[in-house]
Engineer: 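Can you keep this structure in mind? I'll have questions shortly.
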Amino acid sequence: MAGTKTLTMIKPDAVRDGHIGAILNQINEAGFRISAMKLTQLSQADAEAFYAVHSERPFYGELVEFMTSGPIVAAILEKENAVEDFRKLIGATNPAEAAEGTIRARFAKSIGENAVHGSDSDENAEIEGDFHFAGREQF
Ligand code: ATP
Ligand code: MG
């Protein structure tokens, strides 16, 4: 059975541009329940660990620099088939390729500064949820 949980981050570009409310509204209207949420800022070590899977990629340094450049909103979202449905809602990594009306089509600036994160598997959703939230912060 598909999992019911995914982890999102509203990235520093979208927070800076004042899009927290519009993005959370779109998430709610798509039927996701917010079961944990906070405004926080990743340290260098946090961002390196979170994106460790990309450490050999040419954009890793730029990605870590961007993700630590300002506050983010981290949230756990719940819904049937959460991972796949949320990735559909946010659209392709590159906003130029993101379907019309998706969060990245509406709010992302570039493939690097792309407004939101969504977990890519049920297993990573669990790991990423626990990365950001203690058990008593998950409802
Ligand atoms: P995310 O994991 O943030 O939800 P994603 O799963 O769509 O995004 P990944 O392949 O996991 O994409 O890449 C992680 C992040 O690294 C992207 O969201 C983007 O910010 C950055 N990134 C990916 N590819 C590039 C690239 N070619 N140039 C610059 N940054 C990139
Ligand atoms: Mg990813």
Side-chain angles (χ1 to χ4, degrees):
M1 194 192 93
T4 56
K5 192 187 283 187
T6 192
L7 183 281
T8 190
M9 295 183 287
I10 301 177
K11 296 185 179 184
D13 57 328
V15 172
R16 265 194 291 276
D17 293 346
H19 297 316
I20 294 174
I23 291 171
L24 290 178
N25 190 47
Q26 190 166 349
I27 288 170
N28 276 147
E29 298 214 318
F32 291 87
R33 185 180 82 86
I34 295 170
S35 61
M37 186 165 71
K38 68 174 131 192
L39 190 66
T40 185
Q41 185 162 358
L42 297 176
S43 69
Q44 175 93 7
D46 291 331
E48 285 174 357
F50 190 92
Y51 285 109
V53 62
H54 294 306
S55 61
E56 302 304 316
R57 309 282 283 278
F59 57 80
Y60 182 62
E62 190 185 320
L63 174 60
V64 168
E65 187 181 346
F66 166 60
M67 286 303 295
T68 58
S69 69
I72 61 162
V73 174
I76 297 174
L77 307 176
E78 293 192 351
K79 180 184 187 295
E80 270 310 301
N81 205 33
V83 166
E84 189 183 339
D85 285 2
F86 190 67
R87 291 187 68 93
K88 238 177 254 166
L89 183 69
I90 68 181
T93 309
N94 183 350
E97 293 163 10
E100 195 182 331
T102 57
I103 294 175
R104 282 171 169 161
R106 292 179 68 199
F107 301 112
K109 296 187 166 107
S110 66
I111 192 168
E113 305 207 354
N114 61 2
V116 279
H117 165 82
S119 303
D120 62 10
S121 66
D122 293 342
E123 188 192 358
N124 283 336
E126 286 294 333
I127 293 168
E128 292 173 1
D130 291 340
F131 178 93
H132 280 290
F133 298 100
R136 66 183 166 78
E137 297 175 307
Q138 301 184 28
F139 299 93

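One-based numbering, in listed order, for ligands and for the atoms of each. A quick note: this is a predicted structure, and the numbers were derived from the prediction, not measured.
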Engineer: Looking at ligand 1, would R57 count as a contact under a 4.0 Å heavy-atom criterion?
Structural biologist: no
Engineer: Specify the protein heavy atom at minimum distance from atom 8 (O) of ligand 1: its residue, its atom name, and the distance to 0.1 Å.
Structural biologist: R104 NH2, 3.2 Å
Engineer: With only distance considered, is H117 within less than 3.5 Å of ligand 1 through an N or O on each side?
Structural biologist: yes
Engineer: Is there side-chain contact between K109 and P95, with heavy atoms separated by less than 4.5 Å?
Structural biologist: no
Engineer: Looking only at N/O atoms, are G112 and ligand 1 under 3.5 Å apart anywhere?
Structural biologist: yes
Engineer: Any non-hydrogen atom of I111 lying under 4.0 Å from ligand 1?
Structural biologist: yes
Engineer: Compare all side-chain heavy atoms of N28 with those of I34 and state whether any distance is below 4.5 angstrom.
Structural biologist: yes
Engineer: Decide, yes or no, whether a salt bridge links K5 with E126 under the criterion of side-chain N to carboxylate O below 4.0 Å.
Structural biologist: yes
Engineer: With no hydrogens and no angle check, do the side chains of Q138 and D130 hold a donor and an acceptor under 3.5 Å apart?
Structural biologist: yes
Engineer: Is R87 touching ligand 1 with its side chain, its backbone, both, or neither, if touching means heavy atoms under 4.0 Å apart?
Structural biologist: side chain
Engineer: Side-chain contact test, heavy atoms from C-beta onward, threshold under 4.5 Å: evaluate it for L63 versus R57 and give yes or no.
Structural biologist: no
Engineer: Looking only at protein heavy atoms, identify the closest one to atom 5 (P) of ligand 1 and say how far it is in Å.
Structural biologist: T93 OG1, 3.5 Å
Engineer: Which option wins on minimum heavy-atom distance to atom 24 (N) of ligand 1: F50, Y51, F59, F66?
Structural biologist: F59
Engineer: Do me a favour and list the nearest non-hydrogen protein atom to atom 3 (O) of ligand 1 with residue, atom name and distance?
Structural biologist: K11 NZ, 2.8 Å
Engineer: Less than 3.5 Å between some nitrogen or oxygen of N114 and one of ligand 1, yes or no?
Structural biologist: yes
Engineer: Just need the protein heavy atom nearest to atom 15 (C) of ligand 1, so name the residue and atom and give the distance.
Structural biologist: L63 CD1, 3.9 Å
Engineer: Is the charged tip of K38 near the ring of F133: under 6.0 Å from the six-membered ring centre and within 45° of its axis?
Structural biologist: yes
Engineer: What protein heavy atom lies closest to atom 9 (P) of ligand 1? Include the residue and the distance to one decimal.
Structural biologist: H54 NE2, 3.6 Å
